[in-house]
Amino acid sequence: MKSEPFTRRTFAAILGASVPAAVVAQQGIPNPNTSLQPAMRQGTIAEVPPFGETIEFTRKDVALKAQPFPMTQVRLLPSIFKDAEEANRAYMQRLPAERLSRNFLLNAGLPSSAKALGGWETDSSGRDGELRGHFTGHYLSAAAFLYASTGDKEAKDKGDQMVDDLAKAQTKLGAGGYLSAFPIEWFDRLDKRVRVWAPFYTIHKIMAGMFDMYQIGGNKQALQVLEGMSNWADQWTASKAEPHMQDILNTEFGGMGETLYNLAAATGNDKWAKAGDRFSKKAFFNPLALHRDELRGLHTNTHIPQVIAAARRYEISGDSRFYDVADFFYQTVTTGRTYVTGGTSNGEGWLTQPRLLARELKLSTATAECCCSYNMLKLTRHLYSWSPDPRYFDYYERTMLNHRIGTIQPKTGHTQYYLSLTPGAWRTWGTDDQSFWCCTGSGVEEYSKLNDSIYWHDQQGLFVNLFIPSELNWQEKGIKLRQETKFPEQAGTALTVTADKPVQMAMRLRIPGWLESAPTVKLNGKALDATAAPGSYLTLSRTWKTGDRVEMELPMQLHMEAMPDDPKTQAILYGPLVLAGDLGAEGLNDRMVNGPEGPYVNRARIDVPSFHNAGEPASWIKQTGPLAFRTSGQARDVSLAPLYTILDKRYSVYWQVS
Ligand SMILES: [Zn+2]
C-alpha cells in the first residue's frame, strides 16, 4: 500500500510537487454552465473576517422551505438504482458484526475471537491502521439507512448488536466517554502536533453512526453512547486554548461539528452546539463567507464535511455567516471545480485556482474521490431545503448518474476510491475485507440511501426531483405516488396517484436544465397546454384522486461540454448522461483492477484517439442503440456508452477535439 502513487497520505506531496506557477496566476475564466446554477445570496460585503475570536451560539431554528420524505416512506422499484442498493446490501450482509466490533473490544481489553479485518481497518502497527474503526462507524449509519430504506430487519439487528458491543467497550475504556478502536494516547499526539493520521475523523464516523442508529434506527442505547463520546470531545476541546485548537483543526476531523449540531438539535441541549463550534476552522470559513475561493492547496474531503457542518449550524441558529460559507462553497465548487461527471478533487485536493480543470486533469490521475461526491450531494440537500430551486437537482442528478451509479460493482457490491478521468483510465475496485478505504465507508452509506432525495414536500404539496422508479407513501396526506420509468434508458417518466380520498395539492415536476425545450406533459392521457422552461418546475395544482396519471417526456440530445480553460478538451453528453468511449481492456489484469485505490494510468498508458468535430455532434456521432453511439468519419472511430455502463474496460470521458 505504501508504494502507491496517490493516497490521502501523499496528498501534500502531490500538491507541492505539481502546481506550476502559471497555473496559479490564471483566474476569472467563465464557466459555460453558470446559467444552470441556482441563484446565490448576495453574501457579506466586508473586508473584516466574519469569524472573529469567539463564536457565540444561540439556538434559533430556521424554517426549511422544503423537506425530504423520510426514507421509510419511499421504496425503490427495479432499476439501476435498485441494483446498486441490492449489491451494497449483499456486501453488508457478508460482513459479520463481530468482525466490525473486534478492534473496539480488543482496544478496551475485552475478548474477541473474530477474524481481523484488513486494509484501513487493520490493527497492525503502522499508518494503515490509524483510522481503524472508521468503517464500523460508516457501517452503523448504513445499517440505519438500509433499515429505513428497505425495512431490512437483519441490517437493523446487526447495527443494534454493534451498538451494544461498542457500548461495552466504551464502559470499559473510558467510563462511558471515550470510545475508539485505537488508544486514547493518539489524541496526545494530535494535541502535541506529533504526526498522527486523523483521530477526530474516525471518532466522527463512530459518532455519526451512533446518531443515525438513534435518529433513524430508533436505538436509544446509541444516543447514550453518543452523549458519552460527545462529553469526552467537549471536555477535550474545552481544555485547549483557541489558537491551539485552530491549529489542531489543520488535521482532518471529518464532520465533528455536524454531528454535535445534530445532537444539539435532537436533544435541545445547546452544550453540544457550543462544542461543535470549536470545530469551526476560521481560516477556511472566513474567505468563503466573503465569497473568495481560496481552496487551492486544500484537501478536498477534509473540507466538504466542514461545510456541511456550517450548513447545519445555520439551520439551528439562523446565523447568516454560516449560510454564506455553505452557499458560496457550493457555487464555487460546482461551477469551477467539478468535472463533467459531477466529481471533484485531484489527488484528493484542489490543485489550482477555480475553472482550470483541464490543467488540473493533467496534474493527477486520481481524480474525483468518491467521498467527495457523497459529501457534495449531502451538502446539496441542505442548500435545496433552504431554497428549493430545481437546478440543484441538475447537479444532483448528474452526479448520481455519472459518478455514483457505476462506482459500485453490481455483482460484488465492491466500490471505487477514485473515478479517474484521465483518458485511457479504468475502474479499480475494493475488496471484501482488505480495503476499507474512506470511500468504502461513504459507499455503504450512499447505496443505502438512494431513495432519500427523489421526493420532497412543503406546505403546498410535493416536488418530484429525480426520475427514479419508486413508490412514495405520503401517509399524512393519505396519498401514494408510483413513479414508473426506465430512465435514463427511457426518455420520460410516468407518475400514478392512489388517494384514500381526493387531495388538493400542488405537484411540482422538475423540468431538467439539460432539456433543450419545454417538454410535453400529459395528465390522464391529455397533453397539457401549460408547460415550463428547462431549469424550473411545472406546477400541477389540482385535486388528485386515485388513477390520476402524469406522463412527462424527457427527450435527450447529444451535446458537447468543453473544459472552462481549454475549449479543445471536450466531453460528450446525451441529456444528463456522460458518454464514455469504450477503449477495450488492453493490458488490464486482475491485479490492476481489484485492490488498488486508483488506476496506475501513468504506468499503463495507451493511445487515445482525438476527434475532428465536423459540426453538430449528431452529424458525426451516430446512435446505434437505445444508449449506444459510435463516432463516424474519424481517423479512429470509437463506440460510446454511458460512463456508468463501462465497468471493466478502459474509457475516456474527455477528448481532444479539433
Ligand atoms: Zn474517500
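Both ligands and their constituent atoms are indexed starting at 1 by order of listing.
With Y201 as the aromatic partner, K205 meets the cation-pi criteria of under 6.0 angstrom to the ring centre and within 45 degrees of the ring axis.
Note: Y214 and F211 have perpendicular aromatic rings, judged against thresholds of 30 and 60 degrees for the angle between ring planes.
Each of R312, K378, R313 was compared with E258 under the side chain to side chain donor-acceptor pair (under 3.5 Å) criterion, and only K378 meets it.
Counting backbone and side-chain atoms alike, C371 contributes an N/O/S atom closer than 2.8 Å to the Zn ion (ligand 1). Taking backbone and side-chain atoms together, C372 has no N/O/S atom less than 2.8 Å away from the Zn ion (ligand 1).
Residue E369 approaches the Zn ion (ligand 1) most closely through its N/O/S atom OE2.
In terms of modelled atom types and a separation under 3.5 Å, the side chain of E121 and the main chain of F436 share no donor-acceptor contact.
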